[in-house]
Amino acid sequence: MKVRKAVLPVAGFGTRFLPATKSSSKEMLPLVDKPLIHYAVEDAIDAGIEQIIFITGRGKRAIEDYFDISFELEYHLKAQGKENLVKEMRKISNMADFVYIRQKEPKGLGHAVLRAKDVVGNEPFAVILADDVIQNGKSGTKQLVEVFERYNCSVIGLEEVDPEEVSSYGIVSGAGIEEGVFKLDNFVEKPKKGKAPSNLAIIGRYIFTPFIFEELEKTKPGAKGEIQLTDAIATLSKKEVIYGKTMEGKRFDCGNKLGFLQATIEFALNDENLKDEFEKYLKEVVKC
Ligand code: G1P
């Protein structure tokens with residue numbers, strides 16, 4: 001069955017970026033000229049996704065406005081003869097069918113994904129975390145969809161991380177079955193250093209069969225007192241095979257300041273209009 005829907009949880013407070021996120025959404029922070037959420041939606045569209053289901057919360061109106069038509073802006077741009085920009089802005093609202101569901105309380109990633117149960121229905125779907133930005137030719141979601149199409153089972157995006165960093169991630173272990181693809185057997189959310197089953201971390205791309213919802217409904221609060229998606233995956237793995245796929249491309253963790261700054265620099269160095277002057281400028285700054 002084709003993966004047509006993607007769930008994008010965006011209700012988090014973005015506390016690591018305060019005060020910038022006090023009155024606006026972390027997902028609207030831009031890498032050069034596009035907000036993080038735009039890259040996440042592109043990742044979905046490139047994988048053939050048709051419907052984007054945002055799990056949103058208070059203070060996230062900017063995301064709805066961003067993917068809506070802005071009549072005032074279009075009127076203003078037209079009056080200035082900027083027809084190309086009008087088309088560019090329209091393209092954003094035409095990217096997909098956008099659905100918004102509120103997560104009323106911050107009870108964790110698993111709780112957020114469960115909010116989408118009725119809208120997803122009985123079909124496979126993707127989950128995309130906008131914090132994780134993958135820079136390369138192929139979308140991260142597309143890479144997982146390709147594995148899903150071969151095995152018809154849930155697939156999780158993975159990356160090897162430094163053993164010092166395991167406690168920031170969901171960590172898995174499993175047996176390699178083909179280049180970069182694993183059959184997974186162990187799932188631990190944010191293990192303590194030295195207690196992780198491996199250094200293979202879950203990064204923010206997933207494809208699930210709809211059976212994950214039954215597990216989420218039974219999942220009790222885990223790490224940080226929140227309902228963890230990783231815990232539901234662990235119980236699902238007792239009933240269905242779960243695959244993992246190491247992601248091709250460079251992944252940036254834009255959920256923290258350092259990762260966000262690294263991504264900003266690399267995206268700017270990849271921008272045709274900026275790269276020459278920006279590179280020259282960086283060389284000057286680093287010299288001092
Ligand atoms: C979430 C997941 C975690 C995963 C991570 C990837 O954690 O719970 O399993 O490894 O995203 O970015 P968070 O970053 O929201 O704490």
Side-chain angles (χ1 to χ4, degrees), residues 9-10 12-18 20-21 26-27 29 31 36 39-40 43 106 108-110 112-113 127-136 140-141 143-144 147 154-177 179-206 219 221-234 237 242-270 282 285-286:
V10 293
F13 287 121
T15 36
R16 289 194 194 126
F17 286 93
L18 281 170
T21 47
K26 167 182 76 169
E27 294 78 13
L29 292 172
L31 289 180
L36 292 175
Y39 294 98
D43 197 273
L109 179 59
V113 172
V127 172
I128 300 175
L129 307 185
D131 279 358
D132 286 315
V133 178
I134 298 166
Q135 188 191 40
N136 72 344
T141 308
Q143 296 179 42
L144 299 190
V147 178
S154 299
V155 195
I156 298 168
L158 302 175
E159 185 181 274
E160 281 189 42
V161 296
D162 190 293
E164 295 292 310
E165 292 175 8
V166 288
S167 54
S168 303
Y169 293 95
I171 302 290
V172 302
S173 63
I177 53 162
E179 181 69 34
V181 180
F182 298 81
K183 229 178 199 176
L184 302 179
D185 55 24
N186 204 345
F187 307 80
V188 191
E189 181 65 14
K190 310 224 163 66
K192 296 220 163 55
K193 221 169 78 185
K195 295 265 188 276
S198 80
N199 66 335
L200 267 183
I202 300 176
I203 62 145
R205 300 291 182 279
Y206 311 76
T219 303
K224 296 200 287 183
E226 295 177 346
I227 296 171
Q228 295 293 349
L229 184 56
T230 306
D231 294 345
I233 301 171
S237 75
I242 312 273
Y243 291 90
K245 159 91 175 74
T246 48
M247 301 272 81
E248 292 157 28
K250 191 160 182 177
R251 198 251 333 176
F252 296 94
D253 179 2
C254 294
N256 70 65
K257 286 180 203 165
L258 183 62
F260 178 76
L261 290 172
Q262 288 164 341
T264 300
I265 288 181
E266 299 235 13
F267 276 71
L269 288 173
N270 254 303
L282 279 184
V285 174
V286 172

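The chain is numbered in sequence order, starting from 1.
- Summarising the geometry, atom OH belonging to Tyr243 is positioned 10.5 Å from atom OG belonging to Ser154; distances are rounded to the nearest 0.5 Å.
- Sequence neighbours left out, the pairs with a member in residues 180-203 that pass salt bridge (Lys or Arg N to Asp or Glu O under 4.0 Å) are Glu164-Lys193.
- Proximity of Phe182 to Ile177: side-chain heavy atoms (C-beta onward) are nowhere separated by under 4.5 Å.
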Item to complete: Step by step, work out the side chain to side chain contact (heavy atoms under 4.5 Å, CB included) result for Val161 and Tyr169.
Response: CA-CA 9 Å; Val161 296; Tyr169 293 95; 3.9 Å; yes

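- Side-chain atoms of Gln228 do not come within 3.5 Å of backbone N or O of Leu109 as any donor-acceptor pair.
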Give every donor-acceptor pair under 3.5 Å between a side-chain atom in residues 254-266 and any protein atom, sequence neighbours left out.
from, atom 1, to, atom 2, distance (Å)
Asn256, OD1, Leu258, N, 3.1
Asn256, OD1, Gly259, N, 2.8
Asn256, ND2, Asp253, OD2, 3.2
Thr264, OG1, Phe260, O, 2.8
Glu266, OE2, Lys250, NZ, 2.7

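- Minimum interatomic distance between Pro106 and Phe13 (heavy atoms only, all atoms of both residues): CG-CE1, 4.0 Å.
- Using a 4.5 Å cut-off on side-chain heavy atoms (C-beta onward), Ile202 and Thr230 make contact.
- For the residue pair Gly140 and Asp43, the shortest heavy atom distance occurs at N-OD2, 3.0 Å.
- Side chain of Tyr39 to main chain of Leu31: a donor-acceptor pair is present (N/O by atom type, distance under 3.5 Å, no hydrogens or angles).
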Show your reasoning for whether side chain to side chain contact (heavy atoms under 4.5 Å, CB included) applies to Leu282 and Leu269. CA-CA 10 Å; Leu282 279 184; Leu269 288 173; 4.2 Å; yes

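- Scanning all heavy atoms of the two residues, the minimum distance from Phe187 to Ile156 falls at CE2-CD1, 4.1 Å.
- Annotation for Lys26 and Leu36: closest pair O-CD1, 3.8 Å, computed over non-hydrogen atoms.
- The minimum heavy-atom distance between Leu144 and Gly157, with the atom names listed, is CD1-N, 3.6 Å.
- Judged by distance alone, with hydrogens and angles left aside, the side-chain atoms of Arg205 form a donor-acceptor pair with the main-chain N or O of Leu129 at under 3.5 Å.
- Put simply, the side chain of Ser198 gets close to the backbone of Val172: a donor and an acceptor are under 3.5 Å apart.
- Between the CG atom in Asp131 and the CZ atom in Arg251 there is a gap of 9.5 Å [rounded to 0.5 Å].
- The shortest heavy-atom contact between Asn136 and Glu248 is ND2-O, 2.9 Å.
- Counting only heavy atoms from C-beta outward, the side chains of Phe252 and Asp132 never approach each other to under 4.5 Å.
- The line from OG of Ser237 to CD1 of Ile242 is 6.0 Å long, rounded to the nearest 0.5 Å.
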Open item on the list: As a quick check of understanding, evaluate side chain to side chain contact (heavy atoms under 4.5 Å, CB included) for Asn199 and Ile171, giving each step before the final call.
Closed with: CA-CA 7 Å; Asn199 66 335; Ile171 302 290; over 6 Å; no

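- Side chain to side chain, Thr219 and Asp231 fail the donor-acceptor criterion of an N or O pair below 3.5 Å.
- Taken to the nearest 0.5 Å, the CD atom of Glu160 stands 12.0 Å off from the CD atom of Glu165.
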Next on the checklist: Would Ile134 and Met247 count as a side chain to side chain contact (heavy atoms under 4.5 Å, CB included) here? Give the steps.
Outcome noted: CA-CA 8 Å; Ile134 298 166; Met247 301 272 81; 3.8 Å; yes

